[in-house]
Amino acid sequence: MARVQVVEVSARDGLQNDPAFLTTEQKVELIQRTIAAGIDRAEVASFANPKAVPQMADAEAVLEGLGTIEGFSSIGLVLNTKGFHRAAATNVTEINIVVVSTDTFSQRNQRMDTIDALAVLDEVVPLAKAAGIAPTVTLAASFGCPFEGEVPLERTQMLVERAMNYGVVEIALADTIGVAVPADVKRRFESAAQITGGQVPLRAHFHNTRNTGYANALAAVEAGVSVLDASLAGIGGCPFAPKATGNIATEDLVYALDRSGIETGIDLPKLLEASEWLEGVLDRRTPSLVSKAGLFPPAELTTS
Ligand code: COA
Ligand code: ZN
């Protein structure tokens with residue numbers, strides 16, 4: 001049976017722009033609840049400048065609160081060398097360095113152009129490896145930019161090649177603003193896989209801004225990707241991208257994968273409980289749908 005690893009990003013991408021400021025304890029509980037449902041890898045914090053992203057100001061405290069959990073890999077987002085040093089002082093398992101594909105968005109997001117963001121990789125990847133922390137990269141806005149529009153395939157190819165040469169252990173193509181469609185997903189991932197020659201695993205990150213997120217996720221799997229990001233309840237969005245909305249919802253993705261015969265190791269009923277809990281904490285209706293519609297077949301038809 002095919003297997004996909006779902007990386008839970010609600011505690012970072014989900015909450016970084018959320019009007020509800022969760023307490024550190026609530027963030028830790030969120031992560032623990034998803035781990036209890038079978039998640040074995042999650043973005044748990046961002047070592048951004050707390051003045052730029054106040055929701056992530058307690059990154060160190062979240063990692064401290066989580067402690068070390070057997071079989072679970074925690075990921076901290078890193079945007080500059082200072083952020084790396086903060087991450088390295090915690091017990092984080094992995095760092096995910098963001099490189100935005102276009103200069104305008106990169107400037108808005110992290111006050112440096114794309115080439116300067118690549119220079120962060122150059123500096124930080126060897127430091128991370130020396131510290132026993134796995135360095136991964138997310139190529140943000142790989143499928144389109146809110147300020148520059150189309151992102152040429154050649155730009156993605158150049159960035160994948162550069163990232164690979166810097167020695168990252170995984171490369172994610174992210175649709176930060178939710179404009180991708182399955183044909184482009186297939187085209188870009190197949191092209192990326194040709195460049196890496198299977199040496200560096202690829203990860204896919206989708207937002208459902210234009211309702212193509214789940215089709216894109218399944219297209220990525222068909223293109224050979226076996227690691228997908230998703231956010232519990234479908235919350236999320238980038239503070240520096242106008243109109244960007246939530247990530248694909250973990251429970252809706254797991255439902256689609258389960259019923260497609262693709263194993264995730266995640267317990268969907270437990271995930272739905274976690275989603276319901278999160279909706280209570282946020283005190284508003286969230287975008288995910290399986291959490292509202294329920295399982296299929298309904299539990300009463302399967303327990304006889
Ligand atoms: N963590 C904490 N403080 C940081 C920091 C970090 N990662 N990076 C910089 N700072 C501090 C500096 O120490 C300096 O402090 P001082 O004024 O007391 O001396 C101040 O911030 C300015 O430093 P500078 O080097 O000019 O960095 P910056 O403010 O341009 O920060 C980023 C660069 C990338 C860290 C910042 O723009 C950022 O966090 N952006 C958010 C991007 C993001 O999270 N996007 C969504 C997810 S992709
Ligand atoms: Zn995102």
Side-chain angles (χ1 to χ4, degrees), residues 5-48 50 53-78 83 86-87 89-96 133 205 207-208 228-239 245-255 264-292 294-295:
Q5 181 182 47
V6 178
V7 178
E8 173 57 37
V9 301
S10 60
R12 198 282 301 175
D13 209 5
L15 293 177
Q16 70 181 3
N17 193 34
D18 200 284
F21 273 62
L22 266 62
T23 64
T24 305
E25 291 69 30
Q26 287 171 323
K27 290 179 184 176
V28 170
E29 182 168 352
L30 166 62
I31 299 157
Q32 286 170 336
R33 281 176 180 267
T34 60
I35 294 172
I39 290 287
D40 61 4
R41 196 175 169 211
E43 279 192 349
V44 300
S46 171
F47 297 93
V53 190
Q55 284 91 336
M56 296 287 112
D58 60 349
E60 284 86 350
V62 170
L63 278 144
E64 169 102 44
L66 266 181
T68 302
I69 301 165
E70 178 82 22
F72 171 71
S73 194
S74 58
I75 310 170
L77 205 78
V78 163
R86 285 179 57 205
T90 71
N91 61 346
V92 80
T93 324
E94 304 176 34
I95 53 159
N96 183 218
I133 301 169
H205 178 103
H207 285 254
N208 198 35
L228 293 174
D229 287 353
S231 175
L232 189 68
I235 61 168
C238 176
T245 55
N247 295 71
I248 55 172
T250 312
E251 57 269 45
D252 294 7
L253 177 66
V254 168
Y255 175 82
T264 62
I266 296 168
D267 180 328
L268 189 51
K270 274 213 179 118
L271 204 57
L272 293 181
E273 279 172 32
S275 178
E276 199 179 321
W277 171 85
L278 180 59
E279 196 162 78
V281 170
L282 297 174
D283 195 23
R284 62 164 200 271
R285 197 174 160 89
T286 55
S288 59
L289 292 176
V290 175
S291 57
K292 285 82 184 175
L295 295 168

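The shown structure was predicted, so the numbers you read here are calculated from the model rather than taken from an experiment. For the single chain, residues carry numbers from 1 onward in sequence order.
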**Q** How far apart are the closest heavy atoms of N17 and G237, and which atoms are they?
**A**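 Looking at all heavy atoms of both residues, the closest pair is CB-O, 3.5 Å.
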**Q** Do we see a donor-acceptor contact under 3.5 Å between the side chains of K292 and T286?
**A**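 Per modelled atom types, K292 and T286 side chains form a pair under 3.5 Å.
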**Q** Which value, rounded to the nearest 0.5 Å, describes the distance between E251 atom CD and L289 atom CG?
**A**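 Spacing of CD (E251) from CG (L289) equals 9.0 Å.
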**Q** Roughly how far, to the nearest 0.5 Å, is CG of L271 from CD1 of I266?
**A**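 One gets 6.5 Å once the value is rounded to the nearest 0.5 Å.
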**Q** Write down the atom of A59, the atom of R86, and the distance for their closest heavy-atom approach.
**A**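 Reported closest heavy-atom pair: CB-NH2, 4.0 Å.
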**Q** Please round to the nearest 0.5 Å and tell me the distance separating atom CG of N91 and atom CD1 of I133.
**A**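 N91 atom CG to I133 atom CD1 measures 9.5 Å (nearest 0.5 Å).
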**Q** Applying salt bridge (charged side-chain N to carboxylate O under 4.0 Å, His left out), which residue pairs with at least one partner in residues 25-38 are found, sequence neighbours left out?
**A**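 Qualifying pairs, neighbours excluded: K27-D58, E29-R33.
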**Q** So which atom in L295 and which in P269 form the shortest heavy-atom distance, rounded to 0.1 Å?
**A**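 Heavy atoms only, the tightest pair is CD1-CG, 3.8 Å.
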**Q** Using every non-hydrogen atom in the two residues, find where S288 and G234 come nearest and quote the distance to one decimal.
**A**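 Distance-wise, the nearest heavy atoms are CB-N, 4.3 Å.
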**Q** Closer than 3.5 angstrom, by distance alone: can the side chain of Q55 be matched with the main-chain N or O of D18 as a donor-acceptor pair?
**A**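 Such a contact is found between Q55 side chain and D18 backbone.
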**Q** Enumerate donor-acceptor pairs with a distance under 3.5 Å from any side-chain N or O in residues 5-14 to protein atoms, sequence neighbours excluded.
**A**
{"unit_1": "Q5", "atom_1": "OE1", "unit_2": "R41", "atom_2": "NH1", "d": "3.1"}
{"unit_1": "Q5", "atom_1": "NE2", "unit_2": "D40", "atom_2": "OD1", "d": "3.1"}
{"unit_1": "E8", "atom_1": "OE1", "unit_2": "L232", "atom_2": "N", "d": "3.4"}
{"unit_1": "E8", "atom_1": "OE1", "unit_2": "T250", "atom_2": "OG1", "d": "2.6"}
{"unit_1": "E8", "atom_1": "OE2", "unit_2": "S10", "atom_2": "N", "d": "3.1"}
{"unit_1": "E8", "atom_1": "OE2", "unit_2": "S10", "atom_2": "OG", "d": "2.5"}
{"unit_1": "E8", "atom_1": "OE2", "unit_2": "L232", "atom_2": "N", "d": "2.9"}
{"unit_1": "R12", "atom_1": "NE", "unit_2": "E43", "atom_2": "OE1", "d": "2.7"}
{"unit_1": "R12", "atom_1": "NH1", "unit_2": "Q16", "atom_2": "OE1", "d": "2.8"}
{"unit_1": "R12", "atom_1": "NH2", "unit_2": "E43", "atom_2": "OE1", "d": "3.0"}
{"unit_1": "D13", "atom_1": "OD1", "unit_2": "Q16", "atom_2": "NE2", "d": "3.1"}
{"unit_1": "D13", "atom_1": "OD2", "unit_2": "H205", "atom_2": "NE2", "d": "2.9"}
{"unit_1": "D13", "atom_1": "OD2", "unit_2": "H207", "atom_2": "NE2", "d": "3.2"}
{"unit_1": "D13", "atom_1": "OD2", "unit_2": "N247", "atom_2": "ND2", "d": "3.0"}

**Q** Give the minimum heavy-atom separation between A233 and P287, together with the two atoms involved.
**A**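 Result for this residue pair: O-CD, 3.1 Å.
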**Q** Can T93 and F72 be said to form a side chain to side chain contact (heavy atoms under 4.5 Å, CB included), step by step?
**A** CA-CA 9 Å; T93 324; F72 171 71; 5.9 Å; no
**Q** Could you go through the side chain to side chain contact (heavy atoms under 4.5 Å, CB included) check for S46 and V53 one step at a time?
**A** CA-CA 9 Å; S46 171; V53 190; 5.7 Å; no
**Q** State the CG-NZ distance between L268 and K270, to the nearest 0.5 angstrom.
**A**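 If we round to the nearest 0.5 Å, L268:CG and K270:NZ are 12.0 Å apart.
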**Q** How long is the gap from CD1 on I235 to OG on S275, to the nearest 0.5 Å?
**A**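 It is 9.0 Å, given to the nearest 0.5 Å.
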**Q** Would the distance check show the side chain of S291 and the main-chain N or O of L272 forming a donor-acceptor pair, the cut-off being under 3.5 Å?
**A**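 The answer is no, because no donor-acceptor pair under 3.5 Å joins these two groups.
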**Q** Are L282 and L22 side-chain neighbours, meaning at least one heavy-atom pair lies under 4.5 Å?
**A**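 Side chain of L282 against side chain of L22, heavy atoms only: contact under 4.5 Å found.
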**Q** What residues form a side chain to side chain donor-acceptor pair (under 3.5 Å) with T264, not counting sequence neighbours?
**A**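 None.
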**Q** Is M56 close to F47 at the side-chain level, that is, under 4.5 Å between some pair of heavy atoms?
**A**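 With C-beta onward as the side chain, the pair stays apart.
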**Q** Quick check: do V62 and I31 have side-chain heavy atoms less than 4.5 Å from each other?
**A**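 A side-chain contact exists here, since the closest heavy-atom pair is under 4.5 Å.
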**Q** Should T245 and N208 count as side-chain neighbours, where that means a heavy-atom distance under 4.5 Å?
**A**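 No, every pair of side-chain atoms sits at 4.5 Å or beyond.
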**Q** Checking T90 against E64 for the side chain to side chain contact (heavy atoms under 4.5 Å, CB included) test, could you report, in this order, the C-alpha distance in whole Å, the side-chain angles of both residues, the deciding distance, and whether it holds?
**A** CA-CA 7 Å; T90 71; E64 169 102 44; over 6 Å; no
**Q** Report the distance from atom CG of L278 to atom CZ of R284, rounding to the nearest 0.5 Å.
**A**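 Atom-to-atom, L278:CG and R284:CZ are 8.0 Å apart.
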**Q** I'd like to check L15 versus L30 (side-chain heavy atoms, cut-off strictly below 4.5 Å). Are they in contact?
**A**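 When only atoms from C-beta onward are counted, L30 and L15 do touch, with a gap below 4.5 Å.
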